[in-house]
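Here the structure comes first, spelled out in C-alpha cells, and everything after it is commentary.
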Amino acid sequence: MFSKEVEKVLLKVQKPGRYVGGELNSVIKNKDEVDVRFAFCFPDTYEIGMSHLGIKILYSLFNEKDYIWCERVFAPWIDMEEQMIENNIPLYALESGDPVKDFDFIGFTLQYEMSYTNVLNMLKLAGVPLLASERTELNNIVVGGGPCACNPEPIADFFDIFFLGDGEDVDLEVIDLYRECKKQGLSKKEFLIKASHIPGVYVPALYSFEYNEDGTIKSRTALEGAPETIEKRNCMDLNNTYYPDKFVVPFLDIVHDRAVVEVLRGCIRGCRFCQAGFIYRPFREKSVDTINNQCRTLCETTGYDEVSLASLSTSDHRQLFDILDTLHTWSEDEKVSASLPSLRVDNFSKELTDRISSVRKSGLTFAPEAGSQRMRDVINKNVTEEQLLRTVNIAFSNGWSKIKLYFMIGLPTETMEDVEAITKLGQTVVDAFYRNPDRPRGGKGVSVTVSAAAFVPKPFTPFQWFGQDTIEMFEEKQKHLKESNTSRKLDVNYHGAETSFLEAVFARGDRKLNKVLLEAANRGFRFDGWSDCFSFEGWMKIFEDLGIDPAFYANRNRSFEEILPWDHLDYKISKKFLIEECKKAYASCTTENCMEKCSNCGANCFKGGICVEKHKNMV
C-alpha cells in the first residue's frame, strides 16, 4: 500500500500511527472501479481530525456510494513534514497511500481561522497549485465547508467551491454533477458554472468586488449568470438524515476517543457572541428511538464503551431524561457509559448527573461567559449568579470539589469593573463551597479555575460590527484580572491576545487577505493554532511588507450600512434581526430563548423545528 520511502521515514517520526491507515472500519476500494475519488482533508493533526464528527459523517456517506471512494488526509506534524520533503514524498491519503494530487476532489473542513495556513501547506505538500486560477483542468477541485465557510473571502482565491450549511445533501449533488460533467468531457469552468446553481454552493471565481478609497467594499458583481446570493442548505428531518452505523477506530489515542451521536442541531439560546448559535439555526432534535438505536449500533461496531451525546447544547433536548433512561435499558448491562459534552448552568441538576455515569467526581465545567450580570445581559447569556450558585452547590453536595468556569474578556461595553467581576464570581463559588454543610470533607478542599478567552467578533452574529479590543487593551485587562485575584483556592488563567487578534483579522476579512495568506505559505507558516509554531512577529512582518493594516479588519467598528464581505452569503438569519440584537446588547436588554418565544430571526423559513410552532404563537 505504502511506498518503501514512507515505511522508512515512519521509523524516524513520533507517533507513526498517524500516517499508516488500516484502522478498523476504514474503507478500501479498487480505484479502478470508482468514478470519483475524494480526499477529505482535515487541516490539523490526526488526533484532532479523527475526533471531528463532520469528517466521520461525510466519510461514511460518500463511501456508501459505490462510485465514490473517500479517503482521509491529515496535516503531518513537523517531524513528518521534514521527512516528506527530504525524501520527496508527496502528501498522501491514508487508505490507499496514493498522492493527494491524484484525486478528483480535495475537500477541507474549515473549523478555525488559524488553520488556513495548514490548508495551503497541505496543498503545497501535495504538489497541487495553491491558486484556483492555476488549476485549469477538471480535477483537483478544491472544496471547503464548515463554520468558516460563512465568510470564506480571505481564502477565496485558493478554493473552487464552498458549501454553505449542512453538507449531507449538497456535497453529493456536486459530486454527481462532477461525475456527469467528466463523462461529457466538459471543462472545469463549465462544471463550476453549473455547480453555482445548486443551492448551498458558492463558487468564488464567479464574483468580483470593487472597493472604496477607504478600503471598504463598494460593490459586488455576480458573473456568468451566478446567483446574486447563495443560501445555506439545511437538513430538517434529522431522524431521516444520514448518520453512520460505524466509525473508523484509531490505533492511537485521539482527543475525543469515544462513540459520538449527534442528538440535535442548532441552539435555542441566542448568545450574541456565538456564531454557531446563529448559523446552525433552526433548532432540530432527533427522536429518542433514533438516538438510542444509533448509540447502540455505534458501540457494537466500534467496541467503544462510552458514547457522547453531542450538540451545541445537549441539555436543551426536550426529551433528554427519556434519552438517558432508554440508553440505561442496555448500557448498564453492556458496561457502556453516556456523557454530555457540555453542561449548562441553568439546567444542571442532581437528577441529571445521577443519570450520567461518566460524569466523574474529578471536575465540572460551566461557562458563565461574563462576571457581572450587566455583561451577561449584554451578551444575552440569560444566566444569573443565583443559578450558578444553585448549580455549584448541587455539585458540592454530590461530591464534586473542582469547578472550572469559562469567561470572555473584551466583550462590547466591558469595563474594568466587569473584568474584576470575573474573579469576584470565582471567589463567590469558592465561598459557597465552605458554606455548604454537605460539601466533600478531607482532601485539599475546593479548587476553582477561572479561564478567560479574548473575545473574537464573528460574522452572522449581533457583534459582527464590533471592533475587537486592541492587544494592548487585552493585556491591560488580563493584568487586572490576575491582580484582582487574592485567593489561593482560585486559579486564574487566560488565552493569548495575539492569536485572537489574528483570528479576528481573518474571521471578518475580505479578499485582499488572500495575498497575505499566500505570502505566509511562501514563508513556510503552518500550525498557527499551536503556540510552538506561531510567530506573531512573523505575521506582522508580512502585513507590513504587503502594506496591509490588520487593525482595519480586527479593531475597526463597522457601521450598519457598510457592505460586509459575507453579505452575499445567506444563512437565513436576517440582518434586521442582527441589528436589533446589537442595539439591545448596547442597551443591556435580553431576548427570550427560542423555546420561550420566537424572535423572528428568519430561520422559520425552513418550515421545521421549533420555529414553526413558536412563530405561529407570535403572529
Side-chain angles (χ1 to χ4, degrees), residues 41 43 75 106 108 110 112-136 140 142-144 148-162 192 202-221 223 456 459 468 498-529 533-556 558 562-569:
C41 303
I106 303 172
F108 289 92
L110 304 171
Y112 179 40
E113 292 83 358
M114 299 309 292
S115 71
Y116 289 170
T117 51
N118 271 8
V119 171
L120 301 191
N121 193 51
M122 291 173 76
L123 291 175
K124 278 177 62 179
L125 291 172
V128 173
L130 300 188
L131 293 169
S133 60
E134 296 178 358
R135 301 189 298 268
T136 57
N140 291 169
V142 177
V143 301
C148 292
C150 73
N151 177 30
E153 297 309 318
I155 51 171
D157 290 352
F158 311 108
F159 281 77
D160 298 299
I161 288 173
F162 292 101
L192 291 177
Y202 175 42
V203 179
L206 300 182
Y207 298 82
S208 64
F209 290 81
E210 188 178 350
Y211 297 89
N212 296 307
E213 288 186 8
D214 64 359
T216 59
I217 295 173
K218 181 178 181 180
S219 64
R220 177 190 63 255
T221 303
L223 311 172
V456 178
Q468 186 188 45
E498 293 176 341
T499 305
S500 299
F501 171 75
L502 275 175
E503 185 182 341
V505 170
F506 290 109
R508 296 186 296 167
D510 56 31
R511 290 197 181 182
K512 288 176 283 186
L513 292 178
N514 281 268
K515 62 181 181 180
V516 174
L517 285 169
L518 184 60
E519 184 60 26
N522 291 336
R523 298 187 190 188
F525 285 33
R526 73 274 197 257
F527 286 109
D528 288 293
C533 297
F534 178 68
S535 170
F536 185 69
E537 295 75 16
W539 275 104
M540 291 303 100
K541 186 68 167 62
I542 291 176
F543 283 110
E544 180 184 351
D545 291 347
L546 296 180
I548 293 177
D549 180 13
F552 176 82
Y553 300 102
N555 306 130
R556 179 177 62 88
R558 280 82 162 155
E562 180 177 333
I563 297 175
L564 302 173
W566 53 90
D567 274 348
H568 57 307
L569 308 180

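Residues: numbered from 1 along the sequence shown.
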**Asked** How far does CE of Met114 sit from CD of Glu503, to the nearest 0.5 angstrom?
**Response** 7.5 Å

**Item:** Test side-chain contact (heavy atoms from CB on, under 4.5 Å) applied to Leu546 and Glu519, step by step
**Value:** CA-CA 9 Å; Leu546 296 180; Glu519 184 60 26; 4.2 Å; yes

**Request:** For the pair Tyr116 and Phe506, name the ring-plane relationship: parallel under 30°, tilted 30 to 60°, perpendicular over 60°.
**Result:** perpendicular

**Prompt:** Does Leu130 offer a backbone N or O that forms a donor-acceptor pair with the side chain of Arg135 under 3.5 Å?
**Reply:** yes

**Asn212 side chain to Thr216 side chain, donor-acceptor N/O pair below 3.5 angstrom** = yes

**Asked** Does the cation-pi check pass for Arg523 over Phe525, that is, NZ or CZ under 6.0 Å from the six-membered ring centre and within 45° of its axis?
**Response** no

**Message:** Walk me through whether Ile106 and Met122 qualify under side-chain contact (heavy atoms from CB on, under 4.5 Å).
**Reply:** CA-CA 10 Å; Ile106 303 172; Met122 291 173 76; over 6 Å; no

**Request:** Measure the CG-CG distance between Leu513 and Leu518 for me, rounded to the nearest 0.5 Å.
**Result:** 12.5 Å

**Request:** Step through it carefully: locate the ring centre of Tyr207, locate the ring centre of Tyr202, and say whether they are under 6.0 Å apart.
**Result:** yes

**Message:** Between Arg220 and Glu153 (salt bridge meaning N to carboxylate O under 4.0 Å), is one present in this structure?
**Reply:** no

**Request:** Answer whether the closest heavy-atom distance between the side chains of Asn118 and Phe108 falls below 4.5 Å.
**Result:** no

**Spacing of Asn522 atom CG and Lys515 atom NZ [to the nearest 0.5 Å]** = 13.5 Å

**Close side-chain approach of Ile563 to Ser219, heavy-atom, < 4.5 Å** = no

**Item:** Pairwise side-chain contact, Arg511 with Pro565, heavy-atom cut-off 4.5 Å (strictly under)
**Value:** no

**Polar side-chain atom of Lys512 near backbone of Gly215 as donor-acceptor pair, under 3.5 Å** = yes

**Request:** Considering non-hydrogen atoms only, spot the tightest contact between Leu206 and Leu192 and give its length.
**Result:** CD1-O, 4.1 Å

**Complete:** Residues Pro152 and Leu569: closest non-hydrogen pair is CD-CD1, 3.5 Å

**Asked** Is there a donor-acceptor contact under 3.5 Å from the side chain of Asn151 to the main chain of Ala507?
**Response** yes

**Request:** For residues Phe159 and Val143, determine if any side-chain heavy atom of one lies less than 4.5 Å from a side-chain heavy atom of the other.
**Result:** no

**Heavy-atom pair of closest approach, residues Ile542 and Ala520** = CD1-CA, 3.6 Å

**Request:** Rounded to the nearest 0.5 Å, what's the gap from CH2 on Trp566 to CD1 on Ile217? Could you check?
**Result:** 8.5 Å

**Message:** Looking at every non-hydrogen atom in both residues, tell me the closest pair between Ala75 and Phe527 and how far apart they are.
**Reply:** CB-CZ, 3.8 Å

**Asked** Looking only at heavy atoms, which two atoms of Phe501 and Gln468 are closest? And how far apart?
**Response** CA-OE1, 3.5 Å

**Request:** Kindly indicate, with the supporting measurements, whether the criterion side-chain contact (heavy atoms from CB on, under 4.5 Å) is fulfilled by Phe162 and Ile155.
**Result:** CA-CA 10 Å; Phe162 292 101; Ile155 51 171; 4.2 Å; yes

**Asked** Donor-acceptor pair, Arg508 side chain versus Pro459 backbone, under 3.5 Å?
**Response** no

**Fill in**
Between Val119 and Pro43, the two heavy atoms sitting closest are CG2-CB, 3.8 Å

**Atom pair CG/CZ of Leu125 and Arg526 - distance to nearest 0.5 Å** = 9.0 Å

**Asked** Between Asn514 and Ala156, is there a donor-acceptor pair closer than 3.5 Å when you use the side chain of the first and the backbone of the second?
**Response** yes

**Message:** Between Asp567 and Leu564 (side chain of the first, backbone of the second, donor and acceptor by atom type, cut-off under 3.5 Å), is there such a pair?
**Reply:** yes

**Item:** Nearest-0.5 Å distance, OG1 of residue Thr117 to CH2 of residue Trp539
**Value:** 5.5 Å

**Asked** Are the side chain of Glu498 and the backbone of Phe534 linked by a donor-acceptor contact shorter than 3.5 Å?
**Response** no

**Prompt:** Under the side-chain contact (heavy atoms from CB on, under 4.5 Å) criterion, do Glu134 and Asp157 qualify, and how do the steps go?
**Reply:** CA-CA 10 Å; Glu134 296 178 358; Asp157 290 352; over 6 Å; no

